[in-house]
Amino acid sequence: YKGEGILPASPQSVWECIKPVAGGLRTKWDQNVKDFEVIEAISDTVSICRTTTPSACMRIISPREFVDVVVMKQYEDGTMLSAATNVEHPLCPPQPNFVRGFNYPCGCFCIPVPGEPDRTELLTFFQTDLGGYLPQTVVDSFFPSSISGFYSNLTKAVKALKA
């Protein structure tokens with residue numbers, strides 16, 4: 001799935017809301033992220049992270065956990081990138097009460113809008129196997145509304161950050 005939108009905030013403000021760091025803002029505004037923890041920091045830009053999600057779709061989708069290697073990068077033009085893909089890690093075996101999901105390569109690009117310092121183009125790519133025994137129709141109905149909610153809630157979060 002691909003999401004794309006222009007947000008009414010600087011790339012730094014958008015990045016502050018979405019960057020994948022422990023104690024970051026994402027757990028406060030993203031309804032699909034319950035907790036985010038760094039299992040191992042490999043460098044200042046690469047880490048192994050565990051993300052947990054709450055139940056969704058009236059509890060048809062039970063809580064999930066994802067373990068990913070995450071890389072963050074800033075480019076010369078000011079674009080900021082967070083990319084991730086599934087990894088197994090000995091310090092993070094599957095936890096009870098969670099279904100282990102699997103992220104294929106995915107990520108977010110915060111791209112400055114030329115000449116408009118208070119606007120950011122955000123490109124998101126999601127390739128997720130939710131795991132478990134979900135009918136494909138449930139998965140197919142969940143992701144579009146989830147991505148729409150992501151952009152809507154992120155817009156509210158960056159506006160609150162500016163206030």
Side-chain angles (χ1 to χ4, degrees), residues 1-5 7 14-75 79-111 120-158:
Y1 294 91
K2 175 186 172 187
E4 185 174 6
L7 296 166
V14 174
W15 181 248
E16 189 63 32
C17 290
I18 67 169
K19 68 182 174 182
V21 294
L25 296 176
R26 184 99 180 245
T27 59
K28 294 173 177 47
W29 64 265
D30 189 338
Q31 63 195 19
N32 292 315
V33 176
K34 185 174 183 179
D35 193 27
F36 181 88
E37 61 185 304
V38 175
I39 303 299
E40 180 183 355
I42 296 169
S43 72
D44 59 344
T45 59
V46 179
S47 55
I48 307 297
C49 302
R50 176 176 180 258
T51 306
T52 59
T53 66
S55 60
C57 289
M58 298 179 291
R59 298 187 182 214
I60 293 171
I61 300 175
S62 56
R64 292 322 202 235
E65 67 175 349
F66 301 88
V67 179
D68 299 299
V69 58
V70 178
V71 63
M72 295 181 285
K73 182 172 175 70
Q74 182 162 355
Y75 295 90
T79 296
M80 288 165 268
L81 160 70
S82 164
T85 193
N86 180 74
V87 69
E88 292 187 25
H89 195 281
L91 295 178
C92 196
Q95 300 297 305
N97 303 319
F98 290 95
V99 174
R100 178 65 59 99
F102 184 99
N103 284 322
Y104 293 94
C106 55
C108 297
F109 291 85
C110 290
I111 305 165
T120 302
E121 180 181 3
L122 181 65
L123 287 177
T124 55
F125 298 92
F126 300 96
Q127 296 185 86
T128 300
D129 178 348
L130 293 176
Y133 301 102
L134 290 171
Q136 191 62 41
T137 54
V138 171
V139 175
D140 290 343
S141 67
F142 170 73
F143 274 104
S145 62
S146 172
I147 293 168
S148 175
F150 172 90
Y151 277 84
S152 175
N153 291 333
L154 176 55
T155 298
K156 292 174 191 166
V158 295

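Quantities reported herein were computed from a predicted structural model and do not represent experimental measurements.
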Side-chain (Tyr1) to main-chain (Ile147) donor-acceptor, under 3.5 angstrom: no

Minimum heavy-atom distance between Phe125 and Cys106, given as atom pair plus value: O-CB, 3.0 Å

Considering all heavy atoms, the nearest Val158-Cys17 contact: CG1-SG, 3.7 Å

Pairwise distance CD1(Ile39) to SG(Cys49) - rounded to 0.5 angstrom: 7.5 Å

side-chain contact (heavy atoms from CB on, under 4.5 Å) between Thr45 and Lys73, intermediate numbers included: CA-CA 7 Å; Thr45 59; Lys73 182 172 175 70; over 6 Å; no

Audit row: Phe109, Thr79, side-chain contact (heavy atoms from CB on, under 4.5 Å) steps and yes/no: CA-CA 7 Å; Phe109 291 85; Thr79 296; 4.3 Å; yes

Minimum-distance pair of heavy atoms, taken over all atoms of Glu121 and Glu4: OE2-OE2, 3.1 Å

Side-chain (Thr53) to main-chain (Arg64) donor-acceptor, under 3.5 angstrom: yes

Note, Phe150 side chain near Val33 side chain (heavy atom, < 4.5 Å): no

Derivation and outcome, side-chain contact (heavy atoms from CB on, under 4.5 Å), residues Leu130 and Phe66: CA-CA 9 Å; Leu130 293 176; Phe66 301 88; 4.1 Å; yes

Check: Met80 and Met72 side chains under 4.5 Å, non-hydrogen atoms: no

Any donor-acceptor pair under 3.5 Å from Gln127 side chain to Pro105 backbone: yes

Any donor-acceptor N/O pair, Gln31 side chain to Gly149 backbone, under 3.5 Å: no

Side chains of Arg50 and Phe98 in contact at under 4.5 Å (non-hydrogen atoms): yes

Worked check of side-chain contact (heavy atoms from CB on, under 4.5 Å) between Ile111 and Tyr75: CA-CA 10 Å; Ile111 305 165; Tyr75 295 90; over 6 Å; no

Interatomic distance, Leu81 atom CG to Leu123 atom CG [nearest 0.5 angstrom]: 10.5 Å

Test item: Ser148 side-chain N/O and Pro144 main-chain N/O as donor-acceptor pair under 3.5 Å: no

Contact summary for Val99 and Gly132, nearest pair of heavy atoms: CG1-N, 3.6 Å

Of all pairs that satisfy side-chain hydrogen bond (donor to acceptor under 3.5 Å, both in side chains), the ones with a partner from residues 85-94, not counting sequence neighbours: Glu40-His89

Heavy-atom side-chain contact between Ile18 and Leu122 under 4.5 Å: yes

Considering all heavy atoms, the nearest Ser47-Val38 contact: CB-CG1, 4.0 Å

Where Pro63 and Asn97 come nearest, the two heavy atoms and their spacing: CB-O, 3.9 Å

Value rounded to 0.5 Å, distance of OG1 in Thr27 from CG in Asp35: 7.0 Å

Side-chain donor/acceptor of Asp30 to backbone N/O of Arg26, under 3.5 Å: no

Arg100 side chain reached by Cys92 side chain, heavy atoms, under 4.5 Å: yes

